[in-house]
Amino acid sequence: PVFIPFVGAFIAMRGRPRDAFVEAIVGIGGPLLGTIGAALCLGAAIVTDFDLLYALASVGFLLNLFNMIPISPLDGGRIAGAISRGFWVVGYAVGITVFLATWPPILGFILLVGLFTIVQRWRHPVPGYYDIPASKRVAVGASYFGLMALMVFGMAASDVHLQHLSGGQAALGLA
């Protein structure tokens, strides 16, 4: 892994995993560990009532939710291929909507890189790569949506506390 400050980690692999299921397992690892880290921050915030920990938990859950958008090269794009390649279309609808609403340059870059990746995967598919049993597709889908639900719940729990702060400045120690 190569860590990019304020963005996350880029994982370079020597070769492609043997199939989309293995790629999904690798892809869900980062968001799972990130969610555990954010949950630990939330737990520590609840125990200590330290506002900065609530803010860190909320940001941790948000960054991991962003990473779960089903667009390659995000981890959500790696996971989506095991659920259904058509799920990438949903990812692009979400990604474009978020981009048009907020205009973050990094998302524009991700959408461009992802478009190149998806075109290559559809033009030059690896035979059998996406031929995984339905039971594994269901397991990956349940894991994906279950983890996303935990992230949304964790972010909401963090934000409930933060909404009570005056102008959000107390969370940063500025109030």
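Count residues from 1 along the sequence.
In terms of heavy atoms, I132 sits closest to A82 at CD1-O, 3.4 Å. Contact between G114 and I71 at its shortest, heavy atoms only, is CA-CG2, 4.4 Å. Between I69 and G91, the closest heavy-atom pair is CG2-O, 3.8 Å. Scanning all heavy atoms of the two residues, the minimum distance from L107 to F99 falls at CD2-N, 3.5 Å. The minimum heavy-atom distance linking S143 with I28 is given by the pair CB-CD1, 3.8 Å.
The line from NE2 of H161 to CZ of F50 is 10.5 Å long, rounded to the nearest 0.5 Å. To the nearest 0.5 angstrom, D51 atom CG is 6.5 Å from D49 atom CG. We find the CH2-CH2 distance between W122 and W88 to be 6.5 Å, quoted to the nearest 0.5 Å. Note: F66 CZ to M151 CE = 13.0 Å, rounded to the nearest 0.5 Å. Remark: L42 CG to M155 CE distance equals 12.0 Å, nearest 0.5 Å. Rounded to the nearest 0.5 Å, atoms CG (L40) and CG (L53) are 11.0 Å apart.
Transitive grouping of hydrophobic side chains (ILVMFWY, heavy atoms separated by less than 4.5 Å) brings V90 and F145 into a common cluster. In the hydrophobic cluster analysis, where Ile, Leu, Val, Met, Phe, Trp and Tyr join through side-chain heavy atoms closer than 4.5 angstrom, I96 is grouped apart from L112. L33 and L147 fall within the same hydrophobic cluster, defined by Ile, Leu, Val, Met, Phe, Trp and Tyr side-chain heavy atoms under 4.5 Å apart, directly or through other members. The cluster map of Ile, Leu, Val, Met, Phe, Trp and Tyr, joined by side-chain heavy atoms under 4.5 Å apart, puts V47 and L56 in different clusters. Hydrophobic clustering of Ile, Leu, Val, Met, Phe, Trp and Tyr side chains at less than 4.5 Å, counting indirect connections, unites M148 with I36.
At least one donor-acceptor pair under 3.5 Å links the side chain of N67 to the backbone N or O of D75. D19 places a side-chain N or O within 3.5 Å of a backbone atom of V22 that can act as its donor or acceptor partner. Side-chain atoms of Y144 never come within 3.5 Å of backbone atoms of A24 as a donor-acceptor pair (strictly under, hydrogens ignored). The backbone N or O of G60 sits less than 3.5 Å from a side-chain atom of N64, completing a donor-acceptor pair.
The shortest distance between side-chain heavy atoms of Y130 and S84 does not fall below 4.5 Å.
With F61 as the fixed residue, the side-chain contact (heavy atoms from CB on, under 4.5 Å) test singles out one of V152, T35, D159: T35. Tested against E23 for a salt bridge (charged side-chain N to carboxylate O under 4.0 Å, His left out), the candidates K136, R121, R18 yield a single pass: R121.
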**Trace of the side-chain contact (heavy atoms from CB on, under 4.5 Å) decision for Y54 with I46** = CA-CA 8 Å; Y54 281 105; I46 291 168; 3.7 Å; yes

**Request:** Determine, stepwise, if the pair F87 / I79 fulfils side-chain contact (heavy atoms from CB on, under 4.5 Å).
**Result:** CA-CA 10 Å; F87 196 36; I79 299 163; over 6 Å; no

**Request:** Before giving the answer on side-chain contact (heavy atoms from CB on, under 4.5 Å), spell out for L74 and M68 the whole-Å C-alpha distance, their side-chain angles and the decisive distance to 0.1 Å.
**Result:** CA-CA 7 Å; L74 298 176; M68 292 289 275; over 6 Å; no

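At most 12 heavy atoms of other shown residues, nucleotides or ligands fall within 6.0 angstrom of atom CZ in F116.
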